[in-house]
Amino acid sequence: MKVRCPHCSAEFETEETGVVTCPYCGFQIKLGEARTFTYPLRVENPWKALVAFIRIQRLSPNDVEWKARIVKRELLYVPFYLFFVRARGVARKGLISKDGAGYVEFFNYMTVPAVKGFEELVGYPLPVRGRRYFDGHVEGRLLKGDLSEEEARKLLKNSIRELLKHEAERYFHWKNVEVGMPGFEPELDGLVYYPIWHIEYKYGPFRYRAYVDGTDGRIPYAEFPISVFKRAVNLTLGLLLLASGVWVAKNLPFKSAIAPLGSIPTSIVASYPSLKRAFAIRGRASEHRLLSEVKEDYAPEEEAFKHIRRIFR
């Protein structure tokens, strides 16, 4: 089959189907019904959008905008596989639970970066409007895809499984949910070259990185420094929780001699999230998904005091 590259206009022969790569310029071309798309660049100042996002993170310092120094700012056109996914999952409470099963479903578009090293962008939702056919002309650096469609489907399946797991936890109010997927039907709809700003900055002695959506200014992924003051607060809280367990163990009546075996381990478990944040120097956040370590930061004090109440019972 003879193919003309829309990027460099070179012609070449290929026997492959699906997505092929131009041997002259590295541009990826989707053969068949699916097309190659892009989105317009509308965000010219990604640092402003990034700082506004970092400012609202509960553990970030208040002076990032003035004390941070940008060391790298690059506009990338990242290739994304665009799939339409139909998935059906069977959720069960734990591996050996006998509580029965619940069913969860997913029907929507999902994206997977076609280039390795961008795992944080798996499942990033593209805007509904603004998509247009790609003519190969970009204002930044066009990345060459090196992730096969088969590898992308594997990453997609793992991502969908996590989505179904979170949906089951929310809907059934279960914890430790396991999800099987008897139904998983991803259909490749096209390839999208999407503008993403890659930013690296220094705050103090450490270096942080982030991505900023070049179309609408969303933050798919960002690393940020953790405030020294807020680390000290978490350290104090963690030490108080440890001390409360020891105090309860020492002051219990003799008839509760085995109670210290419960109070001290409970205080250790309760203090762990606060102590972990106290010694962390780097936070992570995303505007389109809740990262696991950020999920713990939504109500750490409430969780801590819940454990305290358990200790004193």
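Fair warning: this is a prediction, and the values are worked out from it, not measured in the lab.
Under the 30°/60° scheme for interplanar angles, the aromatic rings of F84 and Y109 are found to stand perpendicular. Aromatic ring pairs are classed by plane angle as parallel below 30°, tilted from 30° to 60° and perpendicular above 60°; the pair Y81 and F83 is tilted.
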Candidate pair T38 and Y77, rule side chain to side chain contact (heavy atoms under 4.5 Å, CB included), full reasoning: CA-CA 9 Å; T38 189; Y77 276 79; 3.8 Å; yes
Audit row: R170, E167, salt bridge (charged side-chain N to carboxylate O under 4.0 Å, His left out) steps and yes/no: CA-CA 5 Å; R170 184 187 65 83; E167 179 66 17; 2.7 Å; yes
Show, in sequence, the C-alpha distance, side-chain angles and deciding distance for L235 and F279, and conclude whether the side chain to side chain contact (heavy atoms under 4.5 Å, CB included) test is met. CA-CA 8 Å; L235 178 62; F279 292 100; 4.1 Å; yes
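For the residue pair R282 and Y208, the shortest heavy atom distance occurs at NH1-CD2, 3.3 Å. Looking at every heavy atom in both residues, R73 comes nearest to E44 through NH1-O, 3.7 Å. When every heavy atom of L156 is checked against every heavy atom of M110, the shortest pair comes out as CD1-CB, 3.5 Å. Here the closest heavy-atom approach between residue S60 and residue I54 is recorded as OG-O, 2.7 Å. Considering all non-hydrogen atoms of both residues, R218 and P127 come closest at NH2-CD, 3.7 Å. Nearest heavy atoms, P61 versus P225: CD-O, 3.0 Å.
For the pair N158/V122, no side-chain contact is recorded, criterion being any heavy-atom separation below 4.5 Å from C-beta on. Looking only at side-chain heavy atoms (C-beta outward), P40 and R132 come within less than 4.5 Å of each other. Counting heavy atoms from C-beta outward, R161 and K157 have side chains that approach closer than 4.5 Å. N62 is not listed as a side-chain neighbour of F229, based on a closest heavy-atom distance of 4.5 Å or more. The shortest distance between side-chain heavy atoms of V212 and I219 falls below 4.5 Å. F206 places a side-chain heavy atom less than 4.5 Å from the side chain of I281.
For the atom pair CZ of R88 and CZ of F184, the computed distance is 15.5 Å after rounding to the nearest 0.5 Å. The structure places CD1 of I199 at 11.5 Å from CD of E74, a figure rounded to the nearest 0.5 Å. Taken to the nearest 0.5 Å, the CG atom of L188 stands 7.5 Å off from the CG atom of L82. A distance of 10.5 Å separates CG of L75 from CG of L142, quoted to the nearest 0.5 Å. In this structure, W197 CH2 and K72 NZ are separated by 13.0 Å, a value rounded to the nearest 0.5 Å. Rounded to the nearest 0.5 Å, atoms CG (L126) and CZ (R131) are 8.5 Å apart.
For Y211 and F118, the ring centers are positioned less than 6.0 Å apart. In this structure, Y193 has its ring center no closer than 6.0 Å to that of F37.
Sorted by first and then second residue, the side-chain hydrogen bond (donor to acceptor under 3.5 Å, both in side chains) pairs with a member in residues 46-55 read R55-E65; sequence neighbours excluded.
Checked by atom type and distance alone, the side chain of R284 never pairs as donor or acceptor with a backbone atom of Y221 at under 3.5 Å. A donor-acceptor distance shorter than 3.5 angstrom exists from the side chain of T111 to the backbone of Y124, with no hydrogens or angles considered. Checking side-chain atoms of R231 against main-chain N and O of I226 turns up no donor-acceptor pair under 3.5 Å.
Grouping the Ile, Leu, Val, Met, Phe, Trp and Tyr side chains by contacts below 4.5 angstrom, directly or via other members, places L59 apart from V228. With hydrophobic clusters built from ILVMFWY side chains whose heavy atoms lie under 4.5 angstrom apart, Y201 shares a cluster with V51. Clustering ILVMFWY residues whenever any of their side-chain heavy atoms sit less than 4.5 angstrom apart, transitively, puts I70 in the very cluster that holds V43. Under the 4.5 Å side-chain heavy-atom criterion for Ile, Leu, Val, Met, Phe, Trp and Tyr, Y171 and F107 are members of distinct hydrophobic clusters. Taking hydrophobic clusters as Ile, Leu, Val, Met, Phe, Trp and Tyr residues chained together by side-chain heavy-atom distances below 4.5 Å, L76 does not share a cluster with V71.
Judged as a side-chain hydrogen bond (donor to acceptor under 3.5 Å, both in side chains), and not counting sequence neighbours, the contacts of D63 are K67, Y203. Looking at residues two or more places apart in sequence or on another chain, you find a side-chain contact (heavy atoms from CB on, under 4.5 Å) between L155 and V112, L147. Annotation: ring-ring contact (aromatic ring centres under 6.0 Å, His included) contacts of Y39 (sequence neighbours excluded): Y194. Remark: E162 engages no residue in a side-chain hydrogen bond (donor to acceptor under 3.5 Å, both in side chains) (not counting sequence neighbours).
Grouping Ile, Leu, Val, Met, Phe, Trp and Tyr by side-chain contacts under 4.5 Å, direct or through others, puts Y103 with V90.
For the pairing with E200, the salt bridge (charged side-chain N to carboxylate O under 4.0 Å, His left out) check across R209, R207, R69 returns one residue only, R207.
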